[in-house]
Every structure is written in C-alpha cells, then in structure tokens.
Amino acid sequence: MRAASLLGGLIALVLLFFYAYLIWFAVDVATCLKSTACSALERADFTPNMASSMNLIAGLVSSLVIAELSVTQPGDTPGQSTISRSIAPNSPVVLKYVTLVYLLFWIGFGAYAFWHGFLFAGNEPETQLEPLADLGQAWLGIAVGAAYAYLGISRGE
C-alpha cells in the first residue's frame with residue numbers, strides 16, 4: 001500500500017513538472033511572438049501535441065488542487081488531506097510542505113499563463129498563442145472555483 005501511495009505522489013509531482021515546463025515554454029514563445037526583435041522562437045515551436053498536453057495536464061493538476069481545497073476546512077492550511085494521503089500517509093509534516101509547494105506552483109504558473117497568455121498577449125492574432133490564452137482564461141475560472149471550494153461558500157438555502 002505504501003509503494004502505491006509513493007507512486008501516486010511521484011506521478012502527481014511529475015505532472016506538476018510538465019505543467020510548469022509547458023507553461024514556461026509557451027510563455028517564451030508568446031513573448032517572442034510579441035517582440036519584433038525576437039526571432040529565436042516561432043509559433044510552430046509550440047507544437048499541437050504540446051498544446052494538447054499542456055491543457056490535459058493543467059486539468060489534472062487543477063483537479064488535484066480543487067480536491068485538496070474542497071476537503072480543507074476554511075482557515076486551515078491545505079496539505080493534510082487528498083494529496084498528502086496519496087503521497088505517503090505517515091509523513092504529515094513533509095507532505096504539508098509538498099502540498100503547499102504544489103498549490104503555489106499551480107497558482108504561480110496559472111497566473112503566469114493568464115498574465116502572459118491572455119492579459120498581455122497583444123491585440124493582433126499573429127502575436128497571440130491561443131493555447132496559452134485559453135489555458136490562462138480557464139485557470140482563472142478554476143481558481144475562482146477553487147477559492148469557493150476552500151472557503152466553503154455556497155448558497156444559503
């Protein structure tokens with residue numbers, strides 16, 4: 001059982017690495033598209049497979065984040081529930097930090113995608129990288145949903 005938990009945690013961290021790398025590379029391409037002085041990267045350098053993988057992995061990472069935040073009591077530090085139990089149930093202190101790093105990476109790179117892919121992508125279609133803009137918009141909506149899940153906000157019925 002412990003080996004399966006460690007394997008699940010390793011998979012979650014590998015997905016986080018790919019999430020961060022693909023967003024970082026997409027932002028590099030988008031930044032180069034906006035700059036007339038840059039010729040190092042072209043739109044074709046961010047392949048359709050990269051775009052598809054980025055969006056799929058972002059969905060998987062986001063689902064882990066929402067699962068964690070939805071079971072965390074408002075005001076408590078995330079990290080004692082879903083992700084922590086999946087990595088190794090007997091090391092809560094280390095796992096709390098791993099979970100916080102996971103959440104910070106999700107927030108940081110999602111905001112990075114929103115900022116560079118959507119807010120400051122440029123007005124001309126040739127200066128935009130659509131997969132990054134789409135991811136940035138989707139991340140913003142998911143972040144609002146995650147905040148609602150964490151804060152336990154619901155309709156008063």
Side-chain angles (χ1 to χ4, degrees), residues 1-33 41-119 121 128-154:
M1 181 68 174
R2 184 166 169 85
S5 295
L6 289 174
L7 181 61
L10 181 62
I11 290 170
L13 291 175
V14 168
L15 286 174
L16 186 65
F17 168 77
F18 282 122
Y19 170 78
Y21 173 76
L22 287 168
I23 289 174
W24 170 77
F25 186 67
V27 168
D28 274 357
V29 171
T31 303
C32 194
L33 289 175
L41 296 170
E42 298 175 356
R43 183 181 312 280
D45 290 327
F46 193 74
T47 67
N49 288 345
M50 292 173 119
S52 176
S53 297
M54 180 180 69
N55 287 317
L56 174 67
I57 293 168
L60 294 171
V61 169
S62 295
S63 68
L64 275 173
V65 167
I66 289 175
E68 180 65 33
L69 292 176
S70 67
V71 297
T72 302
Q73 294 297 320
D76 286 353
T77 304
Q80 300 162 339
S81 302
T82 310
I83 298 171
S84 297
R85 282 194 310 267
S86 72
I87 295 174
N90 298 328
S91 4
V93 174
V94 171
L95 295 175
K96 184 184 281 189
Y97 291 114
V98 168
T99 303
L100 288 175
V101 167
Y102 200 91
L103 291 170
L104 290 174
F105 264 68
W106 178 76
I107 291 168
F109 278 95
Y112 191 52
F114 178 71
W115 186 269
H116 287 284
F118 184 71
L119 284 182
Q128 299 174 356
L129 188 63
E130 293 82 12
L132 184 63
D134 294 344
L135 177 73
Q137 282 182 295
W139 175 85
L140 182 63
I142 292 168
V144 170
Y148 273 86
Y150 176 63
L151 297 173
I153 298 172
S154 63

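Quantities reported herein were computed from a predicted structural model and do not represent experimental measurements.
The shortest heavy-atom contact between I142 and S62 is CG2-CB, 3.8 Å. Considering every non-hydrogen atom in both F46 and P131, the closest pair reads CE2-CB, 4.2 Å. When all heavy atoms of W106 and Y19 are compared, the closest pair comes out as O-OH, 3.3 Å. Residue L22 comes nearest to I57 through the heavy atom pair CD1-CD1, 4.3 Å, listed as atom of the first residue, atom of the second, then distance. In this structure, A20 and F105 approach most closely via the heavy-atom pair CB-CD2, 4.2 Å. Closest approach of E42 and L33 over heavy atoms only: C-CD2, 4.5 Å.
Proximity of a side-chain donor or acceptor of S52 to a complementary backbone N or O of P48 within less than 3.5 Å is not detected.
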Would you check, one step at a time, whether the test ring-ring contact (aromatic ring centres under 6.0 Å, His included) holds for W115 with Y112?
CA-CA 5 Å; W115 186 269; Y112 191 52; 9.8 Å; no
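Atom CE of M50 is separated from atom CD1 of I23 by 12.5 Å, given to the nearest 0.5 angstrom. Rounding to the nearest 0.5 angstrom, the gap separating the CG atom in L132 from the CE atom in M54 is 5.5 Å. Distance check, rounded to the nearest 0.5 Å: CG of D28 to SG of C32 gives 8.5 Å. Residue L64 holds its CG atom at 8.0 Å from CG of L15, rounded to the nearest 0.5 Å.
For the pairing with V65, the side-chain contact (heavy atoms from CB on, under 4.5 Å) check across L103, I107, L60 returns one residue only, L103.
A 4.5 Å side-chain heavy-atom check between F25 and L41 finds at least one atom pair inside the cut-off. Contact check for F118 versus L135: no side-chain heavy atoms found under the 4.5 Å cut-off.
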